[in-house]
Amino acid sequence: MGGNLRIALTGTPGTGKSSLARIISENGIIVESLEEIAIRLSCIGDPEEDGVRPIDIDKLRGALEAEWTERPQFNTIIEGHLSHHFQVDCIVILRCHPLILENRYRKRGYTLKKITENTEWEILGGPWNEINLEKSCIEFDSSKLTTKQIFEGLMSWIADGFKPMDASKVIDWVTRMDE
């Protein structure tokens, strides 16, 4: 990766962000977990009923902007399903077929409410509804690609200068649920 960039690695929970982050890190690229950053900067709450620790996005955004202004920027992947909300240069979105996600959530022991919320969020396009479309974005379908294939695609995208993806190729589960 040339230059000093921050890349958001985002997607609905269960799409493979942590697995991809592990491979990225093993290949010498700095990866920071948004949750770990939030803990370090005291921008995370106590666990809620479903075990999730809420992140104060506004407080974290301010703390990160101050921290990133004070220290040199290095090429970094910011991993987490909220990472696209922060000062990043481009965005990688992982997607996964809702039925596969539902099975993953059941194996994780998620409540029916949490399964429904996360699956619906994926069906509706997840982060695409919240991102700044002026930033270069790419998405990968983790229900069809292995983590290694996604990593290779990511490295190709980076080597190719972060070219924006063709908007007509964005995954639309509403019209493709039978795939």
Side-chain angles (χ1 to χ4, degrees), residues 1-41 43-44 47 50-55 57 60 63-64 67-68 71-110 114-115 117-119 121-122 125-128 130-131 135-163 165 171:
M1 279 185 347
N4 296 317
L5 300 170
R6 287 194 185 90
I7 301 173
L9 173 55
T10 190
T12 305
T15 55
K17 296 177 300 298
S18 297
S19 297
L20 181 58
R22 195 169 20 263
I23 290 177
I24 292 168
S25 180
E26 289 168 358
N27 281 273
I29 300 170
I30 298 168
V31 177
E32 292 189 72
S33 158
L34 191 64
E35 182 177 11
E36 290 172 8
I37 295 169
I39 291 168
R40 179 172 48 81
L41 296 176
C43 297
I44 195 163
D50 61 1
V52 173
R53 296 180 69 188
I55 293 176
I57 294 175
L60 182 56
L64 272 177
E67 182 178 278
W68 288 346
R71 68 179 171 127
Q73 181 176 332
F74 299 99
N75 292 328
T76 307
I77 306 283
I78 308 298
E79 178 267 325
H81 73 276
L82 300 173
S83 62
H84 57 278
H85 287 283
F86 298 90
Q87 184 181 335
V88 295
D89 299 294
C90 47
I91 302 169
V92 177
I93 303 172
L94 296 189
R95 305 290 304 277
C96 185
H97 193 283
L99 295 176
I100 293 172
L101 272 181
E102 186 177 327
N103 288 329
R104 289 179 185 174
Y105 297 150
R106 289 185 195 286
K107 288 178 184 174
R108 291 181 178 187
Y110 283 16
K114 192 170 179 178
I115 290 170
E117 288 172 354
N118 285 337
T119 304
W121 185 236
E122 177 63 23
W128 281 114
E130 301 173 338
I131 63 173
K135 296 183 188 227
S136 185
C137 301
I138 191 167
E139 79 176 356
F140 294 97
D141 184 350
S142 66
S143 50
K144 291 186 175 184
L145 300 171
T146 66
T147 306
K148 183 179 180 198
Q149 289 171 320
I150 294 170
F151 173 75
E152 290 168 354
L154 172 60
M155 292 298 101
S156 292
W157 181 63
I158 291 169
D160 201 24
F162 305 95
K163 288 185 181 169
M165 67 178 287
I171 296 169

Nearest heavy-atom pair of Leu154 and Val92: which atoms, and what distance? CD1-CG2, 3.5 Å

Heavy-atom side-chain proximity of Ser18 to Glu79 below 4.5 angstrom: yes

Is there a donor-acceptor contact under 3.5 Å from the side chain of Asn75 to the main chain of Leu5? yes

Stepwise, does the side-chain contact (heavy atoms from CB on, under 4.5 Å) test hold for Arg53 with Ile55? CA-CA 6 Å; Arg53 296 180 69 188; Ile55 293 176; over 6 Å; no

Both conditions, 6.0 Å and 45 degrees, for the charged tip of Lys148 above the ring of Phe151: are they met here? no

Begin with the C-alpha distance, continue with both residues' side-chain angles, and end with the deciding distance and a verdict on side-chain contact (heavy atoms from CB on, under 4.5 Å) for Leu94 and Leu20. CA-CA 9 Å; Leu94 296 189; Leu20 181 58; 4.1 Å; yes

Kindly compute the distance separating OG (Ser142) from CD1 (Ile100), expressed to the nearest 0.5 Å. 7.5 Å

Gln87 versus Leu64: any side-chain heavy-atom pair under 4.5 Å? no

Report the distance from atom CG of Asn103 to atom OG1 of Thr119, rounding to the nearest 0.5 Å. 9.5 Å

Nearest heavy-atom neighbours spanning Ile91 and Thr10: CG2-CG2, 3.7 Å

From CA spacing to verdict: side-chain contact (heavy atoms from CB on, under 4.5 Å), Val31, Arg22: CA-CA 8 Å; Val31 177; Arg22 195 169 20 263; over 6 Å; no

Among Glu117, His81, Glu122, Lys17, which one satisfies side-chain hydrogen bond (donor to acceptor under 3.5 Å, both in side chains) with Thr12? Glu122

Rounded to the nearest 0.5 angstrom, the CZ-CD1 distance for Phe140 and Ile150 is 7.0 Å

Can you list the steps and then say if Lys144 with Arg95 is a side-chain contact (heavy atoms from CB on, under 4.5 Å)? CA-CA 10 Å; Lys144 291 186 175 184; Arg95 305 290 304 277; over 6 Å; no

Is the shortest distance from a Lys or Arg side-chain nitrogen in Glu102 or Arg106 to a carboxylate oxygen in the other one below 4.0 Å? yes

Surrounding NE2 of His84 (heavy atoms of other residues, nucleotides or ligands, distance under 6.0 Å), is the total greater than 12? yes

Can you tell me how far apart CD1 (Ile171) and CG (Asp141) are? Round to the nearest 0.5 Å. 4.0 Å

Leu41 and Leu60, any side-chain heavy atoms less than 4.5 Å apart: yes

Would you give the length of the straight line joining atom OH of Tyr105 to atom CG of Asn118, rounded to the nearest 0.5 angstrom? 4.0 Å

Atom of Gly14, atom of Arg104 and distance for their closest heavy-atom approach: O-NH1, 2.6 Å

Using only atom types and a distance under 3.5 Å, with no angle test, would you say the side chain of Gln149 pairs donor to acceptor with the backbone of Thr146? yes

State, to 0.1 Å, how close Trp157 and Ser136 come at their nearest heavy-atom pair, and which atoms those are. CZ2-OG, 3.5 Å

Considering non-hydrogen atoms only, spot the tightest contact between Cys90 and Phe162 and give its length. SG-CD2, 3.5 Å

Ser143 to His97 - nearest heavy-atom pair and separation: OG-N, 3.2 Å

CZ on Arg6 to OG1 on Thr76, rounded to 0.5 Å: 6.0 Å

Would you say CD of Glu36 has more than 12 non-hydrogen atoms from neighbouring residues, nucleotides or ligands within 6.0 angstrom? no

Ile77 and side chain to side chain contact (heavy atoms under 4.5 Å, CB included): which partner among Val88, Leu9, Ile30? Leu9

Exam field: side chain Ser156 to backbone Glu152, donor-acceptor pair closer than 3.5 Å: yes

